[in-house]
Structure formats: C-alpha cells, structure tokens
There are 2 protein chains.
Amino acid sequence: MPYSSAHKQQSRERILAAAVDLFCRFGFDKISVAQVMKQANMTHGAFYAHFKSKSALYAQAISYAAMHSLWIREQHNTGSIADFERLIEAYLSLAHVNQFVAPCPLAFLVTDVAHSEPVVREVYQQTLQKMLQAMAKQLALFGLDNSTALAQHILTNLVGTVSIARTLSDQELQISLLDNAKQALFLRLKN
Amino acid sequence: MPYSSAHKQQSRERILAAAVDLFCRFGFDKISVAQVMKQANMTHGAFYAHFKSKSALYAQAISYAAMHSLWIREQHNTGSIADFERLIEAYLSLAHVNQFVAPCPLAFLVTDVAHSEPVVREVYQQTLQKMLQAMAKQLALFGLDNSTALAQHILTNLVGTVSIARTLSDQELQISLLDNAKQALFLRLKN
DNA sequence: GTCTATATGATGATAGAC
DNA sequence: GTCTATCATCATATAGAC
C-alpha cells in the first residue's frame with residue numbers, strides 16, 4: 001500500500017476544509033472542483049479518488065462545516081446563560097460575518113442550499129435540527145420555558161441576521177443589524 | 001420604426017418577470033440566459049437588445065421583484081396594526097415560501113446575492129434600506145417606540161425565517177418555524 | 001427587435017501513466 | 001492516490017440576416 005489510509009484521510013480533510021471556505025465565501029456554483037483542489041494542494045484529477053461528484057462534496061462539506069463552526073465547537077462550554085450570551089455575541093460578530101472565523105454553514109449557505117440537490121438539502125436540514133435540539137436542551141437546563149420554541153426563535157434570528165448582514169457592504173448597517181439582534185435576543189433570554 | 005417602443009417595453013418586462021421567477025426558484029447560476037428567454041417566449045440572441053449582460057439583468061430583476069413583491073404591493077393598505085399583522089401572516093405563509101405568490105427577493109436571494117457582483121449587491125442593499133425606512137415609518141404612525149430598531153428586528157425575522165424555511169423539505173418543521181416567528185412578532189408589536 | 005448560427009471559454013468528469 | 005491530458009457539454013456573448 002503506497003499510500004497509508006491516514007494519508008488519504010488527511011487529503012480528504014484538506015479538500016473538505018477548502019470546500020467549506022470557498023463555497024461559503026464565493027458560492028457552490030462559482031467555485032470549480034479545480035479551485036477547491038488547488039487550495040487543498042492537489043490537482044483536479046485527484047478529486048475523484050475522494051468524492052464521487054461535486055454535489056457529494058457539497059453535502060459532506062456542510063456536515064464538516066457544522067462540526068467545525070464556532071457554535072458547535074463552543075457549545076459544550078456554555079454552562080450558564082452568561083456563557084450562552086457570549087456565544088451569541090461571537091455568532092453575531094463582524095468577525096463571523098466576514099468569515100474570519102469558521103463560518104456557520106446554516107447562515108452562509110441558506111439560499112445556495114435551497115437551490116441544490118436533495119442530498120445536500122437533507123444534510124442542511126439535519127444540521128439545523130441537531131442544532132435546534134442541542135440548543136433547546138441547553139435552554140431547558142437554564143430553566144427556561146418553551147425551550148423548543150425559544151431555540152427556534154434564537155436560531156432563525158442568528159442565521160437570518162448573519163446571512164443578511166453578509167450581503168451588505170455598508171458596515172454601519174451591518175453593525176446596526178447585528179447589535180439590534182443581540183439586544184433583542186438578550187431581552188428574550190431574560191423572560 | 002418596425003417595433004414600437006411600447007413593444008420593447010413589453011418584451012423587457014416579460015424577461016424581467018421570467019428572470020425573477022427562475023432566479024428565485026433555481027438560483028442565478030443554475031439558470032442560463034437561454035432559459036430565461038425561453039420562459040419569456042423569445043430566443044437567446046434577442047436578450048442582448050435589452051440587457052448588456054446577465055449580471056445587469058440580475059440587478060434589475062431584484063428591483064423588479066421588490067416592486068412586485070407582496071409586501072411592497074400591499075404595504076400602502078396597512079392603515080392599522082391589524083392590517084400590518086395580516087401582511088406579516090401573508091409573508092410568513094407556506095404560499096410565499098413555496099413561491100406560489102410573488103417572492104420577496106430579500107428572502108429568496110440572500111446568499112445568492114452575497115456571492116454576486118457589487119452592482120447586484122448594491123441593489124439588494126438599497127432595496128433592504130427602502131423597506132426598512134418604509135416599515136419604520138408605518139410603525140411610527142402606529143405610535144410604536146424605537147420604530148427603526150423594531151423595523152430592523154421585524155425585517156430580519158421575516159427574511160431569515162422565510163429563507164430558512166425554504167431550504168427545508170420537512171413541511172412540519174417549516175410550519176413550526178413560520179408560526180413561531182409569527183407569534184414572536186405579534187408579541188413584540190404589542191409592547 | 002428578433003431570429004439563427006457561431007465563436008470562445010470554462011466546467012464536471014474520465015483515462016491512463018506513475 | 002495523485003498526476004497529466006483529454007472528452008463532452010454547456011455557458012455567455014457576438015455576428016449577420018430579416
């Protein structure tokens with residue numbers, strides 16, 4: 001075996017990381033397989049030893065992005081409402097909107113996924129449901145009522161605000177939307 | 001003049017209407033100029049007598065969609081909060097999510113526009129700002145405080161919820177998100 | 001202004017050497 | 001598994017007849 005399976009796994013991860021970065025930044029259709037492979041330091045032809053199609057890559061890239069997104073990575077550290085609020089602040093930050101940190105695929109790929117194949121949309125939906133469940137569980141631990149409805153409200157606000165802010169060029173307006181959403185969510189968490 | 005300028009205007013509108021429908025439904029990159037022209041009952045080559053490029057069409061299609069979206073069309077009929085709430089209900093309906101009525105470009109094209117050229121993004125931003133201003137004005141007439149912040153909150157909720165709901169295939173989850181957003185917004189309007 | 005026909009370029013995916 | 005080279009397809013945009 002000239003190439004270890006660990007090496008293959010490494011290559012695979014480089015491809016996935018490149019795909020997340022580029023798809024989120026420029027969109028699925030704007031990015032070619034060759035571009036993804038270039039960012040992963042390989043050539044076009046090598047791609048098909050890892051994924052059977054570009055769509056298959058997209059589906060797996062969404063899972064990968066979800067796993068590495070700041071919300072999922074930090075969620076287990078939210079033992080208190082204060083921690084939870086800090087996470088909301090990080091999500092609704094310019095750093096996240098400008099993709100200086102690992103992007104949340106739910107916010108960065110909404111419309112893109114809506115226009116994609118069923119396989120891709122399934123993964124998106126499952127990701128959303130997992131995040132909803134995890135968030136509802138946390139909120140329930142904090143002793144909050146209607147944790148399911150509250151989680152839905154928070155998540156749609158986070159995702160909606162970031163996805164809109166990201167399409168704007170006016171930074172003042174971006175900040176205004178982000179801050180306003182923060183305030184509204186903090187208020188809601190106090191009830 | 002073999003073709004009246006009224007005729008040209010008609011053709012132009014058919015192209016714009018087709019573009020809005022197809023771009024919102026399938027995405028800008030998934031739709032070719034030829035497909036738009038086919039739905040407008042013309043051939044590929046005729047396109048460039050009306051628009052200088054596909055991107056130029058996109059920018060103008062967003063304005064066109066905004067003008068014809070249900071929110072803009074019905075907004076002037078909202079003399080009371082009850083009317084305003086009816087409009088929210090229409091916006092957060094499955095009919096809108098499934099694009100059975102004229103779609104709101106802000107919700108149906110968020111990510112798509114984020115991945116597009118500056119001209120397109122400018123039009124999107126201007127559309128958003130106009131809607132925010134109009135909504136804030138209405139809310140102020142209703143005697144509500146912080147009408148600017150409130151308008152931002154309502155708009156991001158509307159756009160966010162619909163854009164997310166649209167990417168889901170599970171209808172129960174769609175309805176849950178939509179109803180939950182309605183409730184939250186109605187509650188907020190009562191404060 | 002609208003048509004048919006075409007130039008030109010890029011894309012997803014495959015074939016075969018190493 | 002990764003490379004180079006290539007195929008087949010489809011895209012945007014243009015040229016010229018009517």
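What you are looking at is a predicted structure, and each value in this text was computed from that prediction instead of being measured. Chain naming here is simple, since letters A, B, ... match the order of the sequence lines and numbering starts at 1 in each.
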List in chain and number order the residues that pass ring-ring contact (aromatic ring centres under 6.0 Å, His included) with A:His115, two or more places apart in sequence or in another chain; answer none if no residue qualifies.
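A:His115: no ring-ring contact (aromatic ring centres under 6.0 Å, His included) contacts found.
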Distance-only donor-acceptor pairs under 3.5 Å for side chains of residues 33-48 of chain A, two or more places apart:
residue	atom	partner	partner atom	Å
A:Gln35	OE1	A:Ser32	N	2.9
A:Gln35	OE1	A:Ser32	OG	3.3
A:Gln39	NE2	A:Asp21	OD2	3.0

[X] [atom1] to [N] [atom2], straight-line distance once rounded to whole Å:
X        : N      : atom1 : atom2 : value
A:Lys30  : D:dA11 : NZ    : P     : 14 Å
B:Met42  : C:dG1  : CE    : P     : 11 Å
A:Asp29  : C:dA10 : CG    : C1'   : 13 Å
B:Glu117 : D:dT12 : CD    : P     : 13 Å
B:Asn41  : C:dC3  : CG    : C1'   : 14 Å
A:Met37  : C:dT11 : CE    : P     : 15 Å
A:Phe51  : C:dG12 : CZ    : P     : 15 Å
B:Phe28  : D:dT12 : CZ    : C1'   : 10 Å

How is A:Thr43 classified with respect to the nucleic acid when contacts are heavy atoms under 4.0 Å: base, sugar-phosphate, or nothing?
base
Over all strands shown, is B:Leu57 touching base, sugar-phosphate only, or nothing at heavy-atom distances under 4.0 angstrom?
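Nothing, no nucleic acid heavy atom in range.
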Tell me, please, which residues at least two apart from B:Ala6 pass side-chain contact (heavy atoms from CB on, under 4.5 Å).
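With neighbours one apart ignored, the set is B:Ser4.
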Residues in side-chain contact (heavy atoms from CB on, under 4.5 Å) contact with B:Arg188, at least two apart in sequence or another chain:
A:Ala184, B:Leu150, B:His153
Run the side-chain hydrogen bond (donor to acceptor under 3.5 Å, both in side chains) test against A:Gln171 and tell me which residues pass, sequence neighbours left out.
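None.
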For the backbone of A:Glu172 and the side chain of A:Ser176, can you confirm whether one donor and one acceptor N or O come within less than 3.5 Å of each other?
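Not confirmed, A:Ser176 side chain does not pair with A:Glu172 backbone.
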State which of C:dG1, D:dC3, C:dC3 makes the closest approach to the side chain of B:Ala46.
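Of the candidates, C:dC3 comes closest.
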Candidate nucleotides D:dC3, C:dG1, C:dT11, ranked by approach to the side chain of A:Ser32 - the nearest:
C:dT11
Flag if over 12 foreign heavy atoms under 6.0 Å of CD, A:Gln99:
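Enclosed: over 12 neighbouring heavy atoms sit under 6.0 Å from CD of A:Gln99.
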Looking at residues at least two apart in the chain, or sitting in another chain, which of them share a salt bridge (charged side-chain N to carboxylate O under 4.0 Å, His left out) with A:Lys182?
A:Asp179
So which of residues 14-22 of chain A are in contact with DNA chain C, with a heavy-atom cut-off of under 4.0 Å?
none
Distances under 3.5 Å between nitrogen or oxygen atoms of protein and nucleotides 13-16 of chain D:
residue	atom	partner	partner atom	Å
D:dA13	OP2	B:Tyr48	OH	3.1
D:dA13	OP2	B:Lys54	N	3.0
D:dA13	N7	B:His44	NE2	3.3

Could you give the side-chain donor-acceptor pairs of residues 133-142 of chain B under 3.5 Å, partners two or more places apart or in another chain?
residue	atom	partner	partner atom	Å
B:Gln138	OE1	B:Thr78	OG1	2.6
B:Gln138	NE2	B:Thr78	OG1	3.2

Below 4.0 Å: OP1/OP2 of D:dT2 and any side-chain N or O of A:Ser11:
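The answer is yes; a side-chain N or O of A:Ser11 sits under 4.0 Å from OP1 or OP2.
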